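In what follows, a structure is listed as structure tokens, so that the remarks can point back to it.
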Amino acid sequence: MASRAPAPASRASQLFLRCCIALTFVGSIHGFSGPSTRRAAIEEIKKISFTPFVTLLPTPPDAVAAESTTMSAAWNAVDGLNSLESEKFVSFDKSAYQAMVNDPSRTPLFEKAIINRLKSAEPDSQVVLDLGTGPFAFFAITAAKNGAAKVYAIEASKEAAALARETVKKLGFDDKITILEGFSSDITLPGGEKADFAVAEIVGSVASEEGAYATILDAHKRLLKNPSDPMSWIPSRIQTYAAPASYSLHNLFLPPAFDWTKLNGEPVRFNCRDEGLQLLSDPILVEDISFADIGKGVQKKRTSFTVDGRRVEDNIKKFNEEYKRGRVADADTLAITAANSVSGIALWPRLLLDDSVEVNSRHYPDGGHQRSHWQTVLPIMSTEPVAVKGGDQINVIFDFDVSSLVTKPSSYKISADVVSV
């Protein structure tokens with residue numbers, strides 16, 4: 001699975017699909033040994049019983065008490081994601097690229113920022129660099145159509161670069177756009193040329209997980225005319241926001257039947273419209289990377305979240321609807337338990353393209369659900385959900401080691417102390 005993927009086709013089937021996906025990670029539930037594919041999981045469930053499968057599980061007990069309870073999780077950027085062959089670097093399949101292009105909260109805003117930047121200078125006067133152009137070379141073509149003198153489009157994937165060349169040639173832009181294959185850190189622009197500005201949509205669901213920091217750090221040194229000018233970058237800044245979250249399935253699948261440690265630190269990734277994940281507080285900025293002032297890769301932040309009682313009440317209603325759609329026994333009680341629990345700290349990206357254009361994967365600033373091809377990342381930080389209530393404090397340390405090497409994945413660690421007040 002890529003870190004940026006198309007949305008599920010049907011909201012009504014989301015709970016069932018999430019359970020099927022979850023079952024692939026566990027050992028044995030009623031003779032179910034954890035098949036390797038979603039289809040196999042569904043077939044195994046059908047063999048067990050024709051009764052809705054959720055009734056086969058025992059009614060979950062109350063969540064673990066939250067008296068100064070500690071939670072933690074650690075993972076690296078490619079855990080559970082596609083990576084280029086022989087390289088530890090996030091890559092995508094064609095459907096993921098298509099989801100990016102089709103994202104109405106992303107693509108039109110990038111187009112607007114590119115056109116604005118080109119209009120700020122004389123026509124046919126600017127050299128544009130597109131970092132991570134993908135198989136459609138979409139932003140490179142946007143620049144070529146709107147007055148760029150020359151576009152250099154770099155793509156690390158051999159297959160994506162080949163498709164990008166075909167696309168550019170088919171549309172008649174091969175005189176303006178040059179596709180360069182490889183990591184940008186290994187490439188020098190022809191004739192030692194430097195770009196007036198770069199488009200770098202290499203932003204993960206945790207903003208830094210696709211290697212943006214290392215890529216921009218290198219491009220800053222070698223590939224831009226004025227790299228310290230924010231106008232030289234689209235986006236000019238990328239951020240990660242975070243908030244404690246409750247997760248419907250974490251409250252439904254509990255030990256000993258379900259062993260969440262089998263995830264081995266790999267976070268669960270949600271469609272940003274998925275109601276199975278609900279936030280417990282207002283979001284806080286935890287990662288902030290300015291491309292013009294690239295700074296340091298190691299980022300450590302201490303912060304505190306306060307569980308919002310109003311959010312908890314709203315989440316009870318949403319979880320109740322979620323469980324009832326999945327025909328979960330005793331949905332009313334389980335919804336209360338789930339809404340008054342924390343499973344981990346949810347993370348998602350925000351992009352500032354320029355002074356007036358921004359891209360949000362979740363609604364800003366409250367973190368509400370909305371359509372996006374990016375996903376919300378939730379590391380499961382405890383084997384069982386930790387009970388909370390309105391007013392409780394969740395003290396968190398974010399320790400992000402963002403690599404300065406493109407082929408070395410960044411690593412992430414989050415530790416938290418849940419304090420009942």
Side-chain angles (χ1 to χ4, degrees), residues 1 5-35 37-63 245-260 262-263 267-280 311-344 346 368-371 375-378 380 382-385 387:
M1 183 192 300
S10 169
R11 279 192 60 202
S13 65
Q14 284 182 10
L15 180 61
F16 178 72
L17 289 175
R18 282 199 303 274
C19 290
C20 293
I21 295 167
L23 284 170
T24 65
F25 292 105
V26 299
S28 176
I29 299 177
H30 293 275
F32 173 58
S33 58
T37 68
R38 185 181 310 180
R39 181 180 295 276
I42 295 171
E43 292 304 316
E44 288 295 329
I45 290 168
K46 288 178 179 177
K47 291 177 186 177
I48 295 170
S49 173
F50 290 101
T51 305
F53 71 95
V54 290
T55 64
L56 297 173
L57 299 176
T59 301
D62 291 339
S246 307
Y247 175 25
S248 60
L249 289 190
H250 197 202
N251 285 270
L252 185 62
F253 290 84
L254 294 170
F258 195 103
D259 183 5
W260 288 91
K262 293 285 183 70
L263 290 171
V268 181
R269 293 173 182 266
F270 294 78
N271 183 299
C272 287
R273 292 183 290 183
D274 194 327
E275 298 285 349
L277 178 145
Q278 298 293 340
L279 305 183
L280 287 162
R311 283 183 180 261
V312 170
E313 291 300 315
D314 288 341
N315 294 348
I316 291 173
K317 298 173 185 177
K318 293 172 183 176
F319 281 137
N320 199 1
E321 294 172 0
E322 178 87 356
Y323 288 133
K324 286 181 176 177
R325 279 197 298 269
R327 295 190 288 176
V328 177
D330 202 10
D332 293 342
T333 301
L334 185 56
I336 294 171
T337 302
N340 283 276
S341 72
V342 59
S343 294
H369 297 86
Q370 69 174 38
R371 178 179 174 182
Q375 295 175 320
T376 300
V377 176
L378 181 69
I380 303 299
S382 177
T383 55
E384 298 183 42

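Side chains included, hydrogens not; waters and symmetry mates left out as well; all remaining heavy atoms used. Just so it is clear, the model here is predicted, and its values are computed rather than measured.
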Exercise for the section: Check W260 against L249 and note the closest heavy-atom contact, atom names and distance. Expected result: CZ2-O, 3.7 Å
Handout entry: Check against side chain to side chain contact (heavy atoms under 4.5 Å, CB included), L279 and N315
Key = CA-CA 8 Å; L279 305 183; N315 294 348; 5.9 Å; no
Exercise for the section: For R371 and R273, work out which heavy atoms get closest and say how close. Expected result: N-CG, 3.5 Å
Fill in the blank from the handout: Those residues at least two apart in sequence (or on a different chain) that pass side chain to side chain donor-acceptor pair (under 3.5 Å) with D332 are N320, K324
Practice task
Taking atom types as modelled, find out whether S341 and N251 have a side-chain donor-acceptor pair closer than 3.5 angstrom.
Solution key: yes
Practice task
Look only at the side chain of D259 and the backbone of P255, and say whether a donor-acceptor pair between them is shorter than 3.5 Å.
Solution key: no
Handout entry: Donor-acceptor contact below 3.5 Å, side chain H250 vs main chain G344
Key = no
Practice task
For the residue pair L277 and S343, establish whether any side-chain heavy-atom pair is separated by less than 4.5 Å.
Solution key: no
Problem - side chain to side chain donor-acceptor pair (under 3.5 Å) involving T333 - partner list, sequence neighbours excluded - result: D330
Exercise for the section: Kindly indicate whether the side chain of L334, heavy atoms from C-beta on, has any atom under 4.5 Å from the side chain of V328. Expected result: yes
Practice task
Taking the side chain as every heavy atom from C-beta outward, state whether L280 and R311 have any pair of such atoms under 4.5 Å apart.
Solution key: no
Exercise for the section: Take H369 and E275 through the test side chain to side chain contact (heavy atoms under 4.5 Å, CB included) and record every step on the way to the result. Expected result: CA-CA 8 Å; H369 297 86; E275 298 285 349; 3.6 Å; yes
Practice task
Report yes if some heavy atom in the side chain of T376 is under 4.5 Å from a heavy atom in the side chain of C272; otherwise report no.
Solution key: yes
Practice task
Give a yes or no on whether the backbone of S248 and the side-chain of Y323 come within a donor-acceptor separation of less than 3.5 Å.
Solution key: yes
Fill in the blank from the handout: Taking every heavy atom of A346 against every heavy atom of L378, the minimum-distance pair comes out as N-CD1, 3.7 Å
